[in-house]
There are 2 protein chains.
Amino acid sequence: MRRSTPKKRHATLADIAASAGVTPMTVSRVVNGNGYVSAETREKVLHAVSALNYRRNGLARGLKRQRTDTIGLVLGDIANPFAAELARAVREVMSAEGYNVFICVSEHSAREDIAAFDSLADHRVDGVIVATRANKLGNDRLAELIEGGIPVVLIGRDFRHPQADLIAADNLRGGYDATAHLISLGHKNIGFIGVTPTSGVGLRRYHGYLEAMREHGLKADERSIVGRAGGGDQWPGYSTEAMGYEGMKKLLSLRRRPTAVFARNDFTAVGAMSAAKEAGLRIPQDLAIVGYDDVPLAAHTSPPLTTVRQPTREQGRVAAEALVRRMGSAETPAREERVMPCELVVRASTVAE
Amino acid sequence: MRRSTPKKRHATLADIAASAGVTPMTVSRVVNGNGYVSAETREKVLHAVSALNYRRNGLARGLKRQRTDTIGLVLGDIANPFAAELARAVREVMSAEGYNVFICVSEHSAREDIAAFDSLADHRVDGVIVATRANKLGNDRLAELIEGGIPVVLIGRDFRHPQADLIAADNLRGGYDATAHLISLGHKNIGFIGVTPTSGVGLRRYHGYLEAMREHGLKADERSIVGRAGGGDQWPGYSTEAMGYEGMKKLLSLRRRPTAVFARNDFTAVGAMSAAKEAGLRIPQDLAIVGYDDVPLAAHTSPPLTTVRQPTREQGRVAAEALVRRMGSAETPAREERVMPCELVVRASTVAE
DNA sequence: CCTTCCCCGGTTAACGTTAACAGAAGTTGC
DNA sequence: GCAACTTCTGTTAACGTTAACCGGGGAAGG
């Protein structure tokens with residue numbers, strides 16, 4: 001038998017007050033645990049609270065108190081272990097400080113970026129941590145929010161604003177180190193998977209790659225740099241095994257195929273490995289591969305993947321602490337920037353054991 | 001030079017109204033695009049809006065309107081491609097319906113589960129989709145919320161409530177099929193990685209495994225069932241390569257080691273593969289492995305992983321649609337349950353090519 | 001006994017928005 | 001010419017909470 005029940009309205013302070021024979025103010029004191037209330041009154045109130053299944057209204061509360069004890073975290077891609085780790089670190093700090101964390105996902109689209117900012121701003125979160133990639137429209141809206149008075153901290157988003165802190169890993173250096181590592185192994189023809197040369201602006205690790213090639217007198221052949229086709233949105237923004245797989249296939253079809261490949265991240269690297277093995281190449285003897293991020297998976301590929309570890313947890317922690325500071329101060333503090341070092345992790349995908 | 005700027009207060013309707021020489025109500029009409037406003041007045045108002053960088057206060061608005069056009073999505077583990085895909089599907093439907101989605105992460109802890117529910121309830125979201133694993137405390141709080149009138153839809157959470165819909169994949173059948181597949185290949189000694197036999201209650205795919213073994217007259221040896229050590233929280237809830245790796249090591253040390261393994265999910269399977277290869281075993285000749293979820297990675301392991309695909313996107317979509325229906329109806333509709341079929345995907349980790 | 005301080009609880013007035021209603025001016029229809 | 005309707009704007013009163021203030025009763029201290 002299927003039945004519908006009429007919808008209930010939420011109990012309010014006034015309902016509890018009436019039921020307990022006190023004023024709403026007294027109930028407020030009880031549920032918030034501040035002010036003086038006699039044990040007897042508290043008892044009565046708590047009884048009514050649980051009898052009526054009362055939950056305080058955060059909207060009214062936030063409106064009155066002018067704060068919500070909530071922050072927003074904007075992520076580009078939730079499927080990414082990097083984002084997950086970041087979120088975990090942010091949450092740890094914020095929980096300890098008494099804040100809730102609401103996560104919004106932008107899927108790496110400027111439009112969704114803006115939608116996320118707006119929706120968080122509308123809800124009057126006390127602050128926002130933004131960890132999505134930079135884009136013009138998003139930056140503009142972000143500037144508006146910041147100038148409107150919302151504390152903002154950026155993680156790895158290439159956007160400077162005098163009133164927002166920026167935390168980032170040193171991806172330029174990481175990309176440089178990864179490439180230099182391959183060069184030191186004797187590789188001269190090194191490919192890059194994960195960005196189209198014409199639109200790779202802003203991808204730091206790609207620029208690190210270019211810099212290392214140039215500094216060592218090597219040519220970064222445009223044909224050895226592959227990424228999403230036509231700059232379109234064929235792949236969901238960040239990174240996929242599919243992108244690495246397709247990219248590698250393209251590289252393998254070149255007349256002078258690279259002897260080493262630097263992939264923009266570990267998943268792309270895994271896809272590339274898969275394509276290489278399918279073509280009968282041995283790793284690292286026939287082809288050396290480097291990834292980026294050191295996701296848990298990287299230690300368990302075969303062979304295990306050489307990669308660049310970024311201090312994910314630390315970035316999250318530092319960003320959260322910066323935001324707490326920013327939210328706590330009556331003035332808007334001046335901008336701070338922290339660039340944190342990455343670390344090359346050498347495994348068997350570049351150096352045979 | 002470092003400088004602090006004094007914090008700004010947000011402009012309100014009244015500020016705009018004063019600046020444009022109209023009443024707040026008129027401004028409200030302009031920013032919400034309803035009611036009649038002359039073109040001339042609208043122009044004046046919009047001018048003031050952008051000049052003062054006005055953003056409407058969602059708290060006040062929500063308080064007055066008794067709705068926030070926002071829903072909450074509670075996930076257990078954000079690092080998981082399954083969760084990511086789910087979130088994407090939910091967001092797609094919800095965006096189209098005009099709702100924002102705020103995501104909360106519980107890290108598979110009952111306490112965080114409750115914290116997430118409370119924080120969403122406090123913010124008076126219009127509805128909640130819960131995709132975390134069941135636990136007693138969380139279920140109890142969830143029941144309170146539901147009975148308090150918040151529309152709730154569950155995804156894959158083993159908890160029945162007469163006023164909440166439940167969407168789930170048929171993990172029992174999936175686990176059965178995976179195991180039956182191994183049995184049909186001639187395996188008799190089949191291990192399971194990802195659950196401790198004593199506390200594996202509620203993990204459907206594990207029960208599917210047990211059922212298949214029993215039905216085919218095979219014994220599921222307790223020593224061949226491995227999971228987190230001591231039921232503690234050594235691994236972050238869900239699944240990791242590390243768990244699969246350690247679990248496999250344990251299985252390999254048995255006197256009668258299994259010839260096939262069913263892992264609770266793909267990441268666990270990858271870890272297991274890594275340990276098996278390290279021990280010099282060939283897959284699938286010496287050891288067959290099946291995973292679960294069919295994450296993008298699964299097609300790119302070596303060998304590619306046999307796994308069970310669940311209709312992730314569909315679950316998200318169906319759940320979102322159910323929630324929309326639930327939020328839209330004046331009555332609280334009766335419970336609906338949808339169990340969606342899984343599909344065995346055979347690859348080279350069980351059957352050599 | 002009088003001051004001072006601590007408890008305990010009530011009263012008032014917002015916080016920023018919008019639903020509901022009211023009214024004025026112009027327009028249409030017959 | 002008058003009713004009925006449309007267009008525009010303003011007024012009022014919440015939505016549910018809490019900061020700030022007020023006051024009475026009792027205990028403590030001189």
Side-chain angles (χ1 to χ4, degrees), chain A residues 8-46 48-49 52-70 118 121-126 148-150, chain B residues 8-46 48-49 52-70 118 121-126 148-150:
Chain A
K8 271 193 221 160
R9 273 232 322 90
H10 298 277
T12 71
L13 278 188
D15 298 335
I16 308 299
S19 155
V22 294
T23 57
M25 194 58 227
T26 300
V27 180
S28 170
R29 280 192 264 256
V30 171
V31 298
N32 290 301
N34 53 23
Y36 295 105
V37 182
S38 72
E40 189 193 4
T41 310
R42 167 175 297 112
E43 210 49 49
K44 272 193 309 190
V45 169
L46 287 178
V49 162
L52 298 184
N53 201 1
Y54 171 75
R55 298 244 81 218
R56 72 178 167 210
N57 186 324
L59 300 178
R61 185 172 146 92
L63 177 60
K64 177 61 189 169
R65 297 182 55 211
Q66 298 285 75
R67 49 181 300 194
T68 51
D69 296 333
T70 299
D118 284 353
D122 279 359
H123 279 265
R124 287 297 189 270
V125 294
D126 295 339
I150 299 182
Chain B
K8 272 193 221 160
R9 274 231 321 88
H10 297 276
T12 71
L13 278 187
D15 298 335
I16 307 300
S19 155
V22 295
T23 58
M25 193 58 226
T26 301
V27 181
S28 170
R29 279 191 266 254
V30 171
V31 298
N32 290 301
N34 54 23
Y36 294 105
V37 182
S38 72
E40 188 194 3
T41 309
R42 168 176 296 111
E43 209 49 50
K44 271 193 309 190
V45 169
L46 287 178
V49 161
L52 298 185
N53 201 2
Y54 170 75
R55 300 243 79 218
R56 71 178 169 211
N57 187 324
L59 300 178
R61 184 172 148 91
L63 178 60
K64 177 63 189 170
R65 297 181 59 212
Q66 299 285 74
R67 51 182 298 200
T68 53
D69 295 334
T70 300
D118 284 354
D122 279 0
H123 279 267
R124 287 297 191 271
V125 293
D126 295 339
I150 299 180

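Lettering of chains follows the sequences in order, A, B, ..., and the numbering in each one begins at 1. Just so it is clear, the values below take in all heavy atoms, side chains as well, and ignore hydrogens, waters and symmetry mates.
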Given [N], is OP1 or OP2 found less than 4.0 Å from the side-chain N or O atoms of [X]?
X	N	value
B/S38	D/dT7	no
B/T12	C/dC15	no
A/N32	D/dT18	yes
A/R61	D/dT18	yes
B/Y54	C/dT17	yes
A/Q66	C/dA14	no
B/T23	D/dT9	no

Q) Do A/N32 and A/R56 come close enough that some side-chain heavy atom pair is under 4.5 Å? A) yes
Q) Going by heavy atoms in the side chains, are A/T12 and A/N57 under 4.5 Å from each other? A) no
Out of [options], whichever nucleotide has its closest atom nearest the side chain of [X]:
X	options	result
B/T26	C/dA14, D/dA14, D/dG10	D/dG10
A/R65	D/dT18, D/dG16, C/dA19	D/dT18
A/K64	C/dC8, C/dT18, C/dA13	C/dA13
A/Y36	D/dG10, D/dG16, C/dC8	C/dC8

Point-to-point distance, once rounded to the nearest 0.5 Å, from [atom1] of [X] to [atom2] of [Y]:
X	Y	atom1	atom2	value
B/R29	B/T23	CZ	OG1	6.5 Å
A/R55	B/I150	CZ	CD1	8.0 Å
A/D126	A/Q66	CG	CD	10.5 Å

**Q.** Residue closer to the 5' end of DNA chain D, B/G21 versus B/A60 (nearest nucleotide)
**A.** B/G21
Q. Checking side-chain contact (heavy atoms from CB on, under 4.5 Å) against A/V30, which of A/V49, A/L13, A/V37 comes through?
A. A/V37
**Q.** Salt-bridge criterion met for A/R67 and A/D69 (N-O under 4.0 Å)
**A.** yes
Every protein N/O within reach of nucleotides 23-29 of chain C N/O, cut-off under 3.5 Å:
none

Q. With sugar-phosphate meaning primed atoms plus P, OP1 and OP2, does B/R29 contact a base, only sugar-phosphate, or nothing at under 4.0 Å between heavy atoms?
A. base
Q: Please tell me which of B/N34 and A/V37 maps to the more 5' nucleotide of DNA chain C, matching each residue to the nucleotide holding its nearest heavy atom.
A: A/V37
